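Every heavy atom of this structure was used, including side-chain atoms; hydrogens, water molecules and symmetry mates were not. Quick note on labels: first sequence line is chain A, next is B, and so on, each numbered from 1. Just so it is clear, the model here is predicted, and its values are computed rather than measured.
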Amino acid sequence: MARQFLNERDLFRRKTSLTAMTTIPPNQSLYVRNLDEHVHKEELRRSLYYLFSQHGQVIDVVALKSMKMRGQAFVVFREIASATSAMRSLQGFPLYSKSLEDPVSIAYAKSKSNAVKIREGAYLGAGKPPSAAAPAIAAGPATPSGTKRPHDGDEEDGDAKRVRNEDGTEEQGETAGDEEGAGPTTENPPNRILFLSNLPTSVSEDMLAMLFQQYAGFKEVRLVPGKTGIAFVEYETDIQADTAKTVLNGFKLAPTVSMGVEFAKI
DNA sequence: AGCACA
């Protein structure tokens, strides 16, 4: 009589243990896969940092170009909850994905990142930490190229394909003032509306909001019905718009698509 | 697809 109940419990146990074995438990670190493989490492780290920081404090971004690890990255959060939130909302985001139909996939990492171990006080008495708490991307967006570490160990440009210059592919820059450093053409006077150009066709308002809402004064993103590739973003003041413009002009939502950000003409 | 960092 009691046999049936036992059987049910056994089944349940089996089921739960199977689930537990096949599921990766929550982790502060996210494993990001299916990234375009010839985006330069520092640029990749910077972009991932921008994007993921919107969900919580990112303490490190690890991207390696070794044969085994290319096209993948680890984004390390201080809190598991932030990692979970980022994983859910950035799943499939077309950032450096190989194509828009083949988006990046995000999962919890299988093991604990060094940056986390260090924070938790491992290595205290023991030997030397792997690195002095990798300073991630430093204090933030305002430093496009201002990262420490002249070269993080594995610059193996030699065997890994050829060194394609990352910007060489995008010749479609017909918008005024897109490339950093390129001589500013006719630039519109500062105002609170930004004009975005050269966007991937399938970009959504939500995706753009993710990028732009991290700067103070953000009000809204507006796609233009009937037109692809462009959008407007509104801030409360010209100054705030200018800040976002400076940081996000040239931001790549896909390997060959560098978004143009300029003041809208009024 | 591929789970590392020193």
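By the 30° and 60° cut-offs, the orientation of the rings of A:Tyr31 relative to A:Phe74 is tilted.
Dashed line: the shortest gap from a side-chain N or O of A:Lys68 to OP1 or OP2 of B:dA4 is under 4.0 Å.
The interatomic distance linking A:Glu37 (CD) with B:dG2 (C1') rounds to 9 Å, in whole Å. One can place CE of A:Met69 at 5 Å from P of B:dA4, the figure rounded to the nearest angstrom. In this entry the distance linking CZ of A:Arg33 with P of B:dC3 reads 10 Å, nearest Å. Whole-Å rounding puts the A:Lys65 NZ to B:dG2 P distance at 22 Å. Atom pair A:Gln28:CD and B:dA4:P shows a separation of 17 Å (rounding to whole Å applied). Look at NZ on A:Lys41: it is 11 Å from P on B:dC5, rounded to the nearest Å. We find that CZ of A:Arg70 is positioned 14 Å from C1' of B:dA1, with the value rounded to whole Å. The interatomic distance linking A:Ile106 (CD1) with B:dA1 (C1') rounds to 16 Å, in whole Å.
Between A:Glu43 and A:Arg46 no salt bridge is recorded (no basic side-chain N to carboxylate O distance below 4.0 Å).
Residue A:Ser66 places no side-chain atom within donor-acceptor reach of the base of B:dA4, judged by atom type and a 3.5 Å distance cut-off alone.
Closest approach to the A:Asn114 side chain among B:dG2, B:dC5, B:dA4 is made by B:dC5 (side chain taken as heavy atoms from C-beta onward). With B:dC5, B:dC3, B:dA1 as the candidates, the nucleotide lying closest to the side chain of A:Gln72 is B:dC3.
Side-chain atoms of A:Tyr108 and A:Thr23 form no donor-acceptor pair, as typed in the model, at a separation below 3.5 Å. Counted by atom type alone, A:Gln240 and A:Thr237 present one or more donor-acceptor pairs between their side chains at under 3.5 Å.
Within the 4.0 angstrom heavy-atom criterion, base atoms lie near A:Lys112.
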